[in-house]
Amino acid sequence: ETKLPVRIETKFESTTSSMASSEWTQSDIVFDAPLDEALFSTDPPKGYKDLVPAQLRKNEIEKSKQRLEGQDAK
């Protein structure tokens, strides 16, 4: 009715003896489930300590900007 999958079956047949064949079944698939916005946060976790000196970080950012600007000029 919704055209969305209700079950996904996957089978892998190995062609070598060093790798095992396997099968998976996925069911109870949930679409559009509500997600906590914190999952998408780019804030560092509590207790995080940046070990890269600020000047080194600044230099690397500048180098990246210069490379990008050089690509735009081409």
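In this structure, the side chain to side chain donor-acceptor pair (under 3.5 Å) partners of Ser64, at least two apart in sequence or on a different chain, are Arg67. Checked against side chain to side chain contact (heavy atoms under 4.5 Å, CB included), Gln55 has the following partners two or more places apart in sequence or in another chain: Lys58, Asn59. Scored by the side chain to side chain donor-acceptor pair (under 3.5 Å) test, Glu9 finds Arg7 as partners (sequence neighbours excluded). For Ser21, the side chain to side chain contact (heavy atoms under 4.5 Å, CB included) test picks out Glu13, Ser14, with sequence neighbours left out. Looking at residues two or more places apart in sequence or on another chain, you find a side chain to side chain contact (heavy atoms under 4.5 Å, CB included) between Lys49 and Leu51.
When hydrophobic side chains of Ile, Leu, Val, Met, Phe, Trp and Tyr are connected at separations under 4.5 Å, Leu56 ends up clustered with Val52. When hydrophobic residues (I, L, V, M, F, W, Y) are linked wherever their side-chain heavy atoms come within less than 4.5 Å, the members clustered with Phe40 are Leu35, Leu39.
Residue pairs meeting the salt bridge (Lys or Arg N to Asp or Glu O under 4.0 Å) criterion with at least one partner in residues 33-46, sequence neighbours excluded, are absent.
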Anything under 3.5 Å between a donor and an acceptor, one on a side chain of residues 27-34, the other on a protein residue two or more places apart or in another chain? List them.
none

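Under the 4.5 Å side-chain heavy-atom criterion for Ile, Leu, Val, Met, Phe, Trp and Tyr, Ile8 and Leu4 are members of the same hydrophobic cluster.
In this structure, Glu60 pairs ionically with Lys63, as a charged nitrogen and a carboxylate oxygen lie closer than 4.0 Å.
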